[in-house]
A.B. asks: 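My questions all concern the structure below.
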Protein chains: 2
Amino acid sequence: MKSLLSTIKISVPEKIFLKDPESSDLGKRIIGHSILLIDEIGFDSFTFKKLGTKIGSNESSIYRYFESKHKLLLYLTSWYWAWIEYQLVFSTSNLPNPTEKLLKAIEVVTRTIKEDNDFLHINEIKLNQIIINEYSKSYLTKEVDSENKEGYFVVYKRLITRLRDMILTINADYKYASSISSTIIEGALHQHFLKEHFTSITDCSETVTPTKFFQELTINAIKS
Amino acid sequence: MKSLLSTIKISVPEKIFLKDPESSDLGKRIIGHSILLIDEIGFDSFTFKKLGTKIGSNESSIYRYFESKHKLLLYLTSWYWAWIEYQLVFSTSNLPNPTEKLLKAIEVVTRTIKEDNDFLHINEIKLNQIIINEYSKSYLTKEVDSENKEGYFVVYKRLITRLRDMILTINADYKYASSISSTIIEGALHQHFLKEHFTSITDCSETVTPTKFFQELTINAIKS
DNA sequence: CAAATTTAATAGTATTACTATCAATTTTGC
DNA sequence: GCAAAATTGATAGTAATACTATTAAATTTG
């Protein structure tokens, strides 16, 4: 996938940033190193001041790109879901069988990211870890409704809608196509978290993947 | 359920608090009003200073019960899950049919709390809202592994284990009994959140409950 | 090469998440 | 009923956070 993706720009809702970080070298360093730093110390301890030190730049310069660290998280998560969406569309487009298509789509949204290949300044493995550990914090806020109106979550919602449509193609009468789609995507992040921190309440492990679990779950749900 | 529960003390892991809030009037006011205040302004904006003002007490007095607001959240969530666990055990104990038992258990862990009856100083409806909006924040931290070792999440894990055992009673060969149990409990909170804030990616609503969705999902998963 | 833009440096603010100390009040044990 | 013990309240203080504002230096661009 490398050659294709490296020429593509992942598109993030414009209102999330003050100045497009893809438009400058400093911007790309902000994105690249924020991923490394959030992965290292966690989003709660992450500050623009610490990031400034890491990239040899100034706190105030970072504030010209993002008005808060919360907006930066929204940027990273939107970028991540847009990247997953691209993979989903690309890797299912040539599959004629709707069930195969759905199984492939579930694989794409539930698998562990194991390679950091597609974009030079972005470590996709660590970004995936950030999504597992921090994604919920981007919407579990008192501002969620106004931010949703601003379009900050469109990419995530569109991804879920795509999965839903694949399910409805197989069984238009299934009553919970949206709910199972949102459960797969959120649930997969949760299972990945559990296998790292609460092994006693998951069956997933190095050898048993969330992918298999959610594929079986979905097929059984919609085919009966 | 009122008469029975009001005489019972919900038991929370002792290390979570410095001084048992159930042991004094001030302690109960801390718990009672923290639920109201967190529900009102959200956990992120919640501080012990604001809580002190609300209950006509001092910030420093609250610190004698909990060493941080994070610990207070752990207390509230443990209390909540212990209360749910009690309901689960109580309301399934006299059901002889394993499938009926499981369906009842799923109902208990996925339903909306609509009544505030059981404990005088605790508003169970608002506490349920806090669990929906803030629970993830209690474990999505860099300290999760050490806090897990301290036993701060035992109640939650035990609840999931109980559900898992009910599933295994019906089908001992089902490979994902733990994963589906954790998915039901976390997923139900997520569906409740979605129906309040992201209606386009859920089928749940005033009339369609997460309970029905997860009951069907589970039965289809384990019976095939 | 001058003007415009971007970045860096510094300073400042209100708030947060605490800790420490001591006084006032309440509880308790005899 | 009272002294001792425990609890609570009031005040002060600290380092860090999450910013904003201003001005200077460096870089880009037309």
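Since we're looking at a predicted model, the values are computed, not measured. Chain letters run A, B, ... following the sequence lines, proteins first and then strands; every chain starts at 1.
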A.B. asks: Report the C-alpha distance between A:F17 and A:Y65 in whole Å, list the side-chain angles of each, state the deciding distance to 0.1 Å, and finish with yes or no for ring pair (Phe, Tyr, Trp, His ring centres under 6.0 Å).
C.D. replies: CA-CA 6 Å; A:F17 48 76; A:Y65 285 83; 9.1 Å; no

A.B. asks: Which whole-number value in Å describes the distance from A:E67 CD to D:dA21 P?
C.D. replies: 13 Å

A.B. asks: If you look at every strand shown and take non-hydrogen atoms under 4.0 Å, does B:F48 touch a base, only sugar-phosphate, or nothing?
C.D. replies: nothing

A.B. asks: Determine whether any donor atom in the side chain of A:S60 lies under 3.5 Å from an acceptor atom in the base of C:dA9, or the reverse, and answer yes or no.
C.D. replies: yes

A.B. asks: Rounded to the Å, how far apart are B:Y65 OH and C:dA17 C1'?
C.D. replies: 20 Å

A.B. asks: Tell me whether B:E40 is salt-bridged to B:K54, with the criterion being a basic N under 4.0 Å from an acidic carboxylate O.
C.D. replies: yes

A.B. asks: With a 4.0 Å cut-off, would you call A:K195 and A:D203 a salt bridge?
C.D. replies: no

A.B. asks: What is the nucleic acid contact for A:K49, judged by heavy atoms within less than 4.0 Å: base, sugar-phosphate only, or nothing?
C.D. replies: nothing

A.B. asks: Please pick, from C:dC18, D:dT8, D:dT20, the nucleotide with the shortest atom-to-atom distance to any side-chain atom of B:S24.
C.D. replies: D:dT8

A.B. asks: When we call it a touch if two heavy atoms are under 4.0 Å apart, what does B:E59 touch: a base, just sugar-phosphate, or nothing?
C.D. replies: base

A.B. asks: Rounded to whole angstrom units, what separation is found between the CZ atom of B:F66 and the P atom of C:dT19?
C.D. replies: 15 Å

A.B. asks: Has B:K50 got a side-chain N or O lying under 4.0 Å from the OP1 or OP2 atom of C:dT16?
C.D. replies: yes

A.B. asks: Of all the nucleotides listed (C:dA17, C:dC22, D:dT22), which has the minimum atom distance to the side chain of B:R64?
C.D. replies: C:dC22

A.B. asks: Tell me the interatomic distance from B:D25, atom CG, to D:dG9, atom P, rounded to whole angstroms.
C.D. replies: 10 Å

A.B. asks: Taking CZ from A:F43 and C1' from D:dT17, how many angstroms apart are they, rounded to a whole number?
C.D. replies: 13 Å

A.B. asks: Measure the distance from NZ on B:K19 to P on C:dT26 and round it to the nearest whole Å.
C.D. replies: 15 Å

A.B. asks: Between A:F198 and B:K157, is there a cation-pi geometry (under 6.0 Å to ring centre, at most 45° from the normal)?
C.D. replies: no

A.B. asks: Ignoring hydrogens and angles, answer whether the base of C:dA8 and the side-chain atoms of A:S57 contain a donor-acceptor pair closer than 3.5 Å.
C.D. replies: no

A.B. asks: Evaluate the side-chain proximity of B:H70 to B:E147: yes if any heavy-atom separation is below 4.5 Å, no if none is.
C.D. replies: yes

A.B. asks: Below the 4.0 Å mark, does C:dA8 have OP1 or OP2 next to a side-chain nitrogen or oxygen of A:S61?
C.D. replies: yes

A.B. asks: Round to the nearest Å and state the distance from B:R29 atom CZ to D:dT7 atom C1'.
C.D. replies: 13 Å

A.B. asks: What is the distance, rounded to the nearest whole Å, between atom CG of B:N58 and atom C1' of D:dT11?
C.D. replies: 9 Å

